[in-house]
Amino acid sequence: HADAAMYHAKDMGRNNLQFYERGMSSVAARRNLLEQRLRLAMEHGGLTLAYQPKVDVISGEVTGLEALLRWEDEELGTIRPEEIISIAEDTGLILPIGEWVLSSACRQMQDWHARGLPRLPIAVNVSAIQLNHKHFVTVVEEVLNETGLPPGYLEFELTETAIMHDPDNALRILNRLSRLGISLSIDDFGTGYSNLSQLKRFPISRLKVDRSFTAGVASDFQDAAIVKAMFMLAQSLNLEVVAEGVETDEQLEFIRNLKGNQYQGYLYSKPLGVADLENLLGLHAAAPSPTATADAEVD
Ligand code: C2E
Ligand code: MG
Ligand code: MG
Ligand code: MG
């Protein structure tokens, strides 16, 4: 049967069905390959973090950083974070990867604090699967203990979808995290199906307005109106507002006029590796860390 089917498919040339099946199997094959390579990367230190500054809209000062996962595979090249996360969520790898992201980000931050970097908070993205895992709060407590980062310097970014997957459980977990001193943000706000009346019972400090809205504020009157309404509603509920994806002065001006609190985007800085970020924040004159010294001596 398989032979007959193959022969048939070959015969049909650019038939839609054949195209569809080929497409499907190459997607599945790529996911299998990515899963294997991702396991290897995890075990052999192939994952890294980039850090993107958050900036105060009025003062222009950096108010915090967001840790973003990066993976460059030797064979496959750079894999987009959305693709990594999607595969990690499907395979359960999101739990060890999420824990690695959390502990690496906290350790890096604690190291920067110790070396005299301005004491900034670090934001970590948390997926629905992590949030709903029964040991999540315990893992977070352990990471904070092990790295020594005070919980007040840790922020979690959660999407509306992650919270609304199981709202009652999310409420219990978020209350526990909030009592630990961790602050909570809604990421990609405006792209999910929730609304602020549903979200108001959660202990959330800020909304990050998705960059698909920011993109149009200076050119599309509908985007401008939507963003204006989001800002007003958020502010009347005493939530801070962060604009994502600010790329132009015009967009920043619009956000400033609406009294947005912070922004993130290429206009100020792309996500940066450790060395570039240290340069940006003026830490390049600091003494090398013990690890860096040890590395230098080995060379
Ligand atoms: P996100 O959390 O909403 O992160 C913001 C994304 O927008 C980042 O993409 C960032 O590089 C990009 N960005 C920032 N400013 C600009 C700008 O001005 N213009 C444009 N065009 N893009 C901008 P990135 O790093 O590719 O991450 C994509 C998404 O992957 C993240 O969206 C987040 O949902 C997910 N992600 C990344 N790292 C992690 C992680 O450690 N854990 C989890 N669960 N998700 C992660
Ligand atoms: Mg985020
Ligand atoms: Mg976002
Ligand atoms: Mg996103």
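Indexing begins at 1, ligand by ligand and atom by atom, following the structure's order. On a predicted model such as this, the values are computed, not experimentally measured, just so you know.
- Of the possible donor and acceptor atoms, none in the side chain of S185 sits under 3.5 Å from a partner among the backbone N and O of D187.
- Without hydrogens or angle criteria, Q130 side chain to V126 main chain gives no donor-acceptor distance under 3.5 Å.
- Judged by the 6.0 Å distance and 45° axis criteria, K270 is positioned over the aromatic ring of Y266.
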Would you tabulate the side-chain donor-acceptor contacts of residues 171-183 under 3.5 Å, counting partners in other chains and residues two or more places apart, or write 'none'?
unit_1	atom_1	unit_2	atom_2	d
R172	NH2	N169	OD1	3.4
N175	ND2	L171	O	3.2
S183	OG	R206	NH1	3.4

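- The environment of E43 atom CD is dense: over 12 non-hydrogen atoms of other residues, nucleotides or ligands sit within 6.0 angstrom.
- In this structure, W112 has its ring center no closer than 6.0 Å to that of Y153.
- Shortest distance from the Mg ion (ligand 2) to D187 is reached at OD2 (N/O/S atoms only).
- E157 lies close to the Mg ion (ligand 2), since one of its N, O or S atoms is found at a distance under 2.8 Å.
- With ligand atoms numbered from 1 in the order given, ligand 1 contributes 3 (O) to contacts under 4.0 Å with heavy atoms of D188.
- Taking every non-hydrogen atom of E82 and a distance limit under 4.0 Å, the qualifying atoms of ligand 1 come out as 28 (C), 29 (C).
- Residue contacts with ligand 1: R80 is excluded, as none of its non-hydrogen atoms falls under 4.0 Å.
- Aromatic pair F156/F136: centroids less than 6.0 angstrom apart.
- Around the CD atom of Q198, the shell of radius 6.0 Å holds more than 12 heavy atoms that belong to other residues, nucleotides or ligands.
- In summary, an N, O or S atom of D188 is located under 2.8 Å from the Mg ion (ligand 3).
- Looking only at side-chain heavy atoms (C-beta outward), D73 and L40 stay at 4.5 Å or farther from each other.
- For K270, the heavy-atom gap to ligand 1 stays at 4.0 angstrom or more.
- For ligand 1, the atoms closer than 4.0 angstrom to any heavy atom of G265 are 15 (N), 18 (O).
- The shell of residues lying under 4.0 angstrom from ligand 1, judged by heavy atoms, excludes K208.
- Backbone or side-chain N, O or S atoms of E244 reach the Mg ion (ligand 3) at under 2.8 Å.
- With a 4.0 Å cut-off on non-hydrogen atoms, D187 touches ligand 1 through its side chain and not its backbone.
- By the criterion of a heavy-atom distance under 4.0 Å, both the backbone and the side chain of N125 are placed next to ligand 1.
- Linking ILVMFWY side-chain heavy atoms closer than 4.5 Å, directly or via other members, places V209 and Y263 in a single hydrophobic cluster.
- Of the angles at the Mg ion (ligand 2), the one spanning OE2 of E66 and OD1 of N125 is 90° when given to 10°.
- Here D210 has no heavy atoms under 4.0 Å from ligand 1, in either its backbone or its side chain.
- Atoms of ligand 1 found under 4.0 Å from any heavy atom of S127 (numbered from 1 in listed order, with element): 44 (N).
- With a heavy-atom cut-off of 4.0 Å, L69 touches ligand 1 through backbone and side chain alike.
- In the candidate list Q264, E244, Q52, Q52 is nearest to atom 15 (N) of ligand 1, counting heavy atoms.
- Comment: E66 engages K208 in a salt bridge, judged by a side-chain N to carboxylate O separation of less than 4.0 angstrom.
- Within the 2.8 Å limit, S185 places no N, O or S atom next to the Mg ion (ligand 2).
- Residue contacts with ligand 1 include E247, since one of its heavy atoms falls under 4.0 Å from the ligand.
- Each of the following atoms of ligand 1 lies closer than 4.0 Å to a heavy atom of P271: 11 (O).
- With 3.5 Å as the limit, one finds a donor-acceptor pair spanning the side chains of S127 and E89.
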